[in-house]
Amino acid sequence: EEAYVNEHRTTVINGVFNAPEGEVTELAVIPDATNCEIEINGERFTMLTGVIEDYNASLNLKNGVMKRTLKWRSPKGTYVKIDFSRMVSDVKKHIIAQTVTVTALEADVHVSVLTGIDGKVTNTGVQHFAAPQKRAYEDGIKGLYVKTLQSEINVALHFTVKCNKENDSKTVTDRRSIYTKSDADIKKNESITFEKYSSYATSRDFEYINCEAEREKV
């Protein structure tokens with residue numbers, strides 16, 4: 001979930017192709033909704049610093065849930081347990097659900113989580129989408145709306161973040177991106193859980209029964 005240098009996050013949707021002038025036709029990399037940056041007492045969580053203990057990652061092939069759990073001692077000595085889970089629904093196929101749980105193991109900690117939709121991702125440098133539009137709604141849902149440059153396929157992404165404890169939440173915008181930033185304090189041996197629900201919809205989706213004839217036209 002956390003970002004690393006030289007990573008290539010890739011989300012693609014069946015049928016969303018694009019071919020900018022001078023480039024090959026390819027599946028367009030969709031804005032990323034899996035990102036989640038965590039700070040503990042002001043220190044950014046990354047597995048490249050501090051000490052990682054009890055690391056485990058698994059994928060349940062029966063229910064499709066991906067889990068990652070670890071204990072992290074930060075460079076300044078803060079000790080926490082972090083649990084991640086992520087799944088794409090097979091029932092509501094447009095939905096991605098994620099959770100992040102932080103547990104304070106030795107002392108009270110301040111937790112900050114920044115997550116949302118990153119529209120700066122590309123196909124190895126090729127940008128397939130025009131400048132996106134961003135929206136923040138009163139019910140806490142935020143949206144990013146883009147269209148492919150050549151094939152003119154519309155893609156709408158939305159997300160919302162929920163938390164099991166009182167927290168200070170605000171909207172953060174960046175170039176081609178929109179996020180929710182949540183801050184909270186937890187006591188020693190307490191846990192805080194953030195739930196994120198993201199949705200993807202495109203102008204090529206077929207949501208109606210008996211639409212095979214329409215599928216064949218595409």
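Checking each of Arg68, Lys81, Lys71 against Asp54 for a salt bridge (Lys or Arg N to Asp or Glu O under 4.0 Å) leaves exactly one that passes, namely Lys71. Just one of Cys163, Ser169, Ser112 meets the side chain to side chain contact (heavy atoms under 4.5 Å, CB included) condition when paired with Ser182; it is Ser169.
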>> Could you go through Ile30 and Asp32, starting from their C-alpha distance and side-chain angles, then the distance that decides it, and tell me whether this counts as side chain to side chain contact (heavy atoms under 4.5 Å, CB included)?
In response: CA-CA 6 Å; Ile30 308 299; Asp32 174 56; over 6 Å; no
Using side chain to side chain contact (heavy atoms under 4.5 Å, CB included), reason through Val29 and Thr11 one step at a time and then give a plain yes or no.
CA-CA 5 Å; Val29 172; Thr11 301; 5.6 Å; no
- Message: Is there a side-chain hydrogen bond (donor to acceptor under 3.5 Å, both in side chains) between Thr160 and Lys142? Walk through the geometry before answering.
- Response: CA-CA 6 Å; Thr160 187; Lys142 299 175 179 62; over 6 Å; no
side-chain hydrogen bond (donor to acceptor under 3.5 Å, both in side chains) between Ser85 and Thr99, intermediate numbers included:
CA-CA 5 Å; Ser85 69; Thr99 66; 2.4 Å; yes
Item to complete: Could you check Glu26 against Asn123 for side chain to side chain contact (heavy atoms under 4.5 Å, CB included), going step by step and ending with a plain yes or no?
Response: CA-CA 9 Å; Glu26 57 186 353; Asn123 286 55; 3.3 Å; yes
Q. Passes side-chain hydrogen bond (donor to acceptor under 3.5 Å, both in side chains), Glu2 versus Thr46? Steps please.
A. CA-CA 7 Å; Glu2 68 278 5; Thr46 170; 5.9 Å; no
Q.
Between Ile38 and Val100, is the side chain to side chain contact (heavy atoms under 4.5 Å, CB included) condition met? List the steps.
A. CA-CA 9 Å; Ile38 302 171; Val100 177; 3.6 Å; yes
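For the pair Arg86 and Phe84, the minimum side-chain heavy-atom distance is 4.5 Å or more. Annotation: side chain of Thr101 is not in contact with side chain of Ile192 (no heavy-atom distance under 4.5 Å). At least one side-chain heavy atom of Tyr145 sits less than 4.5 Å from a side-chain heavy atom of His158. Under the 4.5 Å side-chain criterion, counting only non-hydrogen atoms from C-beta, Arg44 is in contact with Glu37.
Proximity of a side-chain donor or acceptor of Thr148 to a complementary backbone N or O of Asn18 within less than 3.5 Å is not detected. At distances below 3.5 Å, not a single donor-acceptor pair connects side-chain atoms of Glu195 with backbone N or O atoms of Ala97. A distance-only check finds no donor-acceptor pair linking the side chain of Asn154 to the backbone of Ser203 [under 3.5 Å]. The backbone N or O of Lys93 sits nowhere less than 3.5 Å from a side-chain atom of Ser89 that would complete a donor-acceptor pair. Between the side chain of Asn60 and the main chain of Asn63, a donor-acceptor pair closer than 3.5 Å is present. Glu7 places no side-chain N or O within 3.5 Å of a backbone atom of Arg9 that could act as its donor or acceptor partner. A donor-acceptor pair under 3.5 Å links the side-chain atoms of His94 to the main chain of Tyr200, judged by distance alone.
Residue Lys162 qualifies as open at atom NZ: its count of foreign heavy atoms under 6.0 Å is 12 or below. For CG of Asp139, the number of neighbouring non-hydrogen atoms (other residues, nucleotides, ligands) closer than 6.0 Å is greater than 12.
The CG atom of Leu27 sits 10.0 Å away from atom CD1 of Ile13, with the distance rounded to the nearest 0.5 Å. Rounding to the nearest 0.5 Å places CG of Leu144 at 6.0 Å from CG of Leu157. Once rounded to the nearest 0.5 Å, the distance linking CD of Glu39 with OG1 of Thr78 reads 12.0 Å. Expressed to the nearest 0.5 Å, how far CZ of Phe159 lies from CD1 of Ile117 amounts to 5.5 Å. Note that NE2 of His110 and CG of Asn41 are 8.0 Å apart. Values are rounded to the nearest 0.5 Å.
What you find for Thr115 and Asn35 is that their closest heavy atoms are OG1-O, 2.5 Å. Contact detail for Val146 and Pro132: the closest heavy-atom pair is CG1-CB, 3.2 Å. Between Ala131 and Arg176, the shortest heavy-atom distance links the atoms CA-NH1, 3.8 Å. Considering all non-hydrogen atoms of both residues, Ser198 and Gln98 come closest at OG-OE1, 4.4 Å. Nearest approach of Ala19 to Thr25, heavy atoms of both residues: CB-OG1, 3.2 Å. Summarising the geometry of Ser191 relative to Thr103, their closest heavy-atom pair is OG-OG1, 2.6 Å, with the distance given to 0.1 Å.
Using a cutoff of 4.0 Å between basic side-chain nitrogens and carboxylate oxygens, Arg73 and Glu106 are scored as salt-bridged. Salt-bridge formation is not detected for the pair Asp168/Lys170: no Lys NZ or Arg NE/NH1/NH2 atom is positioned less than 4.0 Å from an Asp or Glu carboxylate oxygen. Asp185 and Lys165 are not joined by a salt bridge, as no carboxylate oxygen comes within less than 4.0 angstrom of a charged side-chain nitrogen. Checked for salt-bridge contact, Lys188 and Glu190 miss the test: no charged N lies under 4.0 Å from a carboxylate O. No salt bridge links Glu1 with Lys196; every basic N to acidic carboxylate O contact stays at or beyond 4.0 Å.
Ring centers of Trp72 and Tyr79: at least 6.0 Å apart, outside the cut-off.
In the hydrophobic cluster analysis, where Ile, Leu, Val, Met, Phe, Trp and Tyr join through side-chain heavy atoms closer than 4.5 angstrom, Val161 is grouped together with Val88. Under the 4.5 Å side-chain contact rule for hydrophobic residues, Val113 and Tyr179 do not share a cluster.
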